[in-house]
There are 2 protein chains.
Amino acid sequence: MTTASTGEPRWLSDEEQSVWRAYLHATTLMEDHLDRQLQRDAGMPHIYYGLLVQLSQAPRRQKRMTELAKDAKITRSRLSHAVARLERSGWVRREDCPSDKRGQNAVLTDEGFEMLRRSAPGHVDAVRQAMFDRLTPEQVRSLGEIMQVVAAGLQPEGTDADLPWLR
Amino acid sequence: MTTASTGEPRWLSDEEQSVWRAYLHATTLMEDHLDRQLQRDAGMPHIYYGLLVQLSQAPRRQKRMTELAKDAKITRSRLSHAVARLERSGWVRREDCPSDKRGQNAVLTDEGFEMLRRSAPGHVDAVRQAMFDRLTPEQVRSLGEIMQVVAAGLQPEGTDADLPWLR
DNA sequence: GACCTTTTCTTGAAAGTTGAACTAGATAGA
DNA sequence: TCTATCTAGTTCAACTTTCAAGAAAAGGTC
């Protein structure tokens with residue numbers, strides 16, 4: 001169905017199927033968990049929160065739109081809408097980029113930073129409770145390795161390197 | 001911020017932060033990957049595909065709406081919309097439940113089953129390529145255990161057992 | 001400079017999701 | 001039976017995401 005596979009499809013083994021189901025199950029519940037927690041405590045979905053975190057860690061608490069989109073792994077279009085919303089909420093401000101007149105910088109406002117400071121403990125708590133408090137140090141290390149491998153494999157990386165990093 | 005935490009927030013260690021970033025990164029890319037693959041090859045998002053798979057494995061290729069929602073970990077509302085869409089596409093049909101006049105059964109149509117049969121190999125391929133072909137058997141086993149633990153921890157389970165499984 | 005291509009970001013419409021409100025049928029107690 | 005409550009599923013409005021254009025500036029190349 002994809003490329004160049006002529007023979008029998010290589011179905012998943014019983015164990016693989018079970019792991020795959022567990023993966024889907026866990027990641028779905030986790031995403032719901034975080035979305036609900038942040039919607040409740042910060043009034044925004046998880047992905048928006050992630051954008052603010054990115055900004056808070058950037059040099060002058062600001063980033064070019066494209067760079068932010070790239071780091072957050074979302075399309076520019078989606079980011080445009082998201083920043084518009086965050087701007088309406090007062091957490092982010094747009095500024096023209098001095099060096100490139102096409103460019104925009106998304107800047108975390110003081111209110112945004114303050115909101116982040118307030119909600120960070122609760123968020124860390126939720127993450128801990130859902131994941132790190134339940135895993136052995138051994139498992140945490142292993143999970144890290146596995147996720148690195150998977151992420152690397154899915155990265156648009158390498159050969160067609162000049163693609164816009166996503167589709 | 002959540003309940004009953006009086007002291008200092010327990011921030012994540014450097015390793016935990018790095019694992020958490022890798023987790024978010026990998027799961028985001030994976031979801032995008034599958035959504036794109038299935039949108040292309042089956043004309044629907046990953047979650048809709050999952051609904052059809054559930055139906056295909058159910059006794060008479062049908063399930064009560066609530067049960068389907070529960071198994072797929074989505075709200076009834078979302079399922080209503082999803083089934084309406086799948087009905088329009090011809091993959092699913094609704095039938096009144098004989099034993100409970102409030103109830104509806106979502107039934108996988110022959111066309112739906114056929115579509116599933118056609119797109120399954122490509123989907124398995126995508127999953128393999130993204131995950132199983134990159135991990136050692138050791139890692140696969142470990143991932144399974146970890147995801148089990150995380151999922152179990154997030155399950156609405158236990159104490160408030162009569163909650164509608166989600167919020 | 002004139003021309004073409006690329007990059008940056010936005011927009012608008014369609015599709016999907018959410019949470020609350022709502023209808024109809026089931027259930028249980030007096 | 002009458003009433004209150006619960007459950008199944010849908011619907012609406014607000015919001016988010018996607019996809020396909022599109023406007024504006026930047027970067028070649030001649």
Side-chain angles (χ1 to χ4, degrees), chain A residues 28 31-40 42-51 62-70 72-89 92 94-107 161-167, chain B residues 28 31-40 42-51 62-89 92 94-107 162-167:
Chain A
T28 303
E31 192 53 25
D32 284 357
H33 177 64
L34 297 180
D35 264 341
R36 230 164 20 258
Q37 186 263 319
L38 285 170
Q39 194 69 59
R40 176 164 50 74
M44 71 186 77
H46 184 210
I47 182 91
Y48 287 30
Y49 188 86
L51 294 175
Q62 57 180 264
K63 253 182 183 174
R64 280 290 292 270
M65 293 292 279
T66 293
E67 197 190 353
L68 183 51
K70 187 172 152 197
K73 270 89 197 165
I74 63 178
T75 58
R76 292 202 210 78
S77 170
R78 188 173 173 185
L79 182 61
S80 269
H81 290 296
V83 167
R85 197 277 218 185
L86 291 170
E87 209 168 16
R88 258 178 271 124
S89 309
V92 166
R94 274 182 234 241
E95 278 181 12
D96 290 344
C97 175
S99 57
D100 185 338
K101 285 184 182 166
R102 296 167 304 178
Q104 291 279 103
N105 283 319
V107 188
D162 54 10
L163 286 177
W165 88 75
L166 224 129
R167 75 208 57 184
Chain B
T28 303
E31 191 54 25
D32 284 358
H33 178 63
L34 297 181
D35 264 340
R36 229 165 19 258
Q37 186 263 318
L38 285 170
Q39 194 70 58
R40 176 163 50 74
M44 70 186 78
H46 184 212
I47 182 90
Y48 286 31
Y49 188 86
L51 294 175
Q62 57 180 264
K63 256 184 180 173
R64 281 290 291 271
M65 293 292 279
T66 295
E67 197 190 353
L68 184 52
K70 187 171 150 196
D71 295 348
K73 272 88 198 165
I74 63 178
T75 59
R76 293 203 210 78
S77 170
R78 188 173 173 185
L79 181 62
S80 270
H81 291 294
V83 168
R85 197 278 219 183
L86 291 170
E87 210 169 14
R88 258 178 271 123
S89 309
V92 166
R94 275 182 235 240
E95 278 181 13
D96 290 343
C97 175
S99 57
D100 186 337
K101 285 183 182 166
R102 295 168 303 180
Q104 292 279 102
N105 283 320
V107 188
D162 54 11
L163 286 176
W165 89 75
L166 225 128
R167 73 209 58 186

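By convention in this document, chain letters (A, B, ...) are assigned in the order of the sequence lines, proteins followed by strands, and residues within each chain are numbered from 1.
Remark: B:K63 engages B:D71 in a salt bridge, criterion side-chain N to carboxylate O under 4.0 Å.
If you measure from atom CD of B:Q104 to atom C1' of C:dA24, you get 12 Å, rounded to the nearest angstrom. At whole-Å resolution of the value, CD1 in A:I74 and P in C:dC9 are 13 Å apart. Rounded to an integer number of Å, the gap from A:D35 CG to D:dC15 C1' is 13 Å. Regarding A:M65, its CE atom lies at a distance of 17 Å from the P atom of D:dA25, rounded to whole Å. For the pair A:K63 NZ and C:dC9 P, the computed distance is 13 Å after rounding to whole Å. Atom P of nucleotide D:dC15 and atom CZ of A:R85 are separated by 8 Å, given to the nearest angstrom. Put simply, CD on B:Q39 is 12 Å from C1' on C:dA14, counting in whole angstrom units. For the pair B:H33 NE2 and D:dT18 P, the interatomic distance rounds to 16 Å; values are reported in whole Å.
Here A:R94 reaches the OP1 or OP2 of C:dT10: one of its side-chain N or O atoms lies under 4.0 Å away. Phosphate contact (OP1/OP2 of C:dT10, side-chain N/O of A:R78, threshold under 4.0 Å): absent. Here A:R102 does not reach the OP1 or OP2 of C:dT6: none of its side-chain N or O atoms lies under 4.0 Å away. Contact check, B:R76 against C:dT18: no side-chain N or O comes under 4.0 Å of OP1 or OP2.
A:K73 and B:D32 make their closest contact through O-OD2, 4.0 Å (heavy atoms, listed as atom of the first residue, atom of the second, distance). For the pair B:Y49 and B:M44, the tightest heavy-atom approach, listed with the atom from each and the gap, is N-SD, 3.6 Å. Closest approach of A:N105 and A:C97 over heavy atoms only: ND2-CA, 4.0 Å.
Comparing B:M44 and A:S80 by the nucleotide of DNA chain C whose heavy atom lies nearest to each, the residue mapping closer to the 5' end is A:S80. Taking for each of B:H81 and B:E67 the nucleotide of DNA chain D with the nearest heavy atom, the 5'-most of the two is the partner of B:E67.
B:D35 contributes a side-chain N or O that, together with a main-chain N or O of B:H46, makes up a donor-acceptor pair within less than 3.5 Å.
In this model, no side-chain donor or acceptor of B:S77 finds a partner on the base of C:dT17 within 3.5 Å.
At the heavy-atom level, A:L79 lies nowhere under 4.0 Å from the strands shown.
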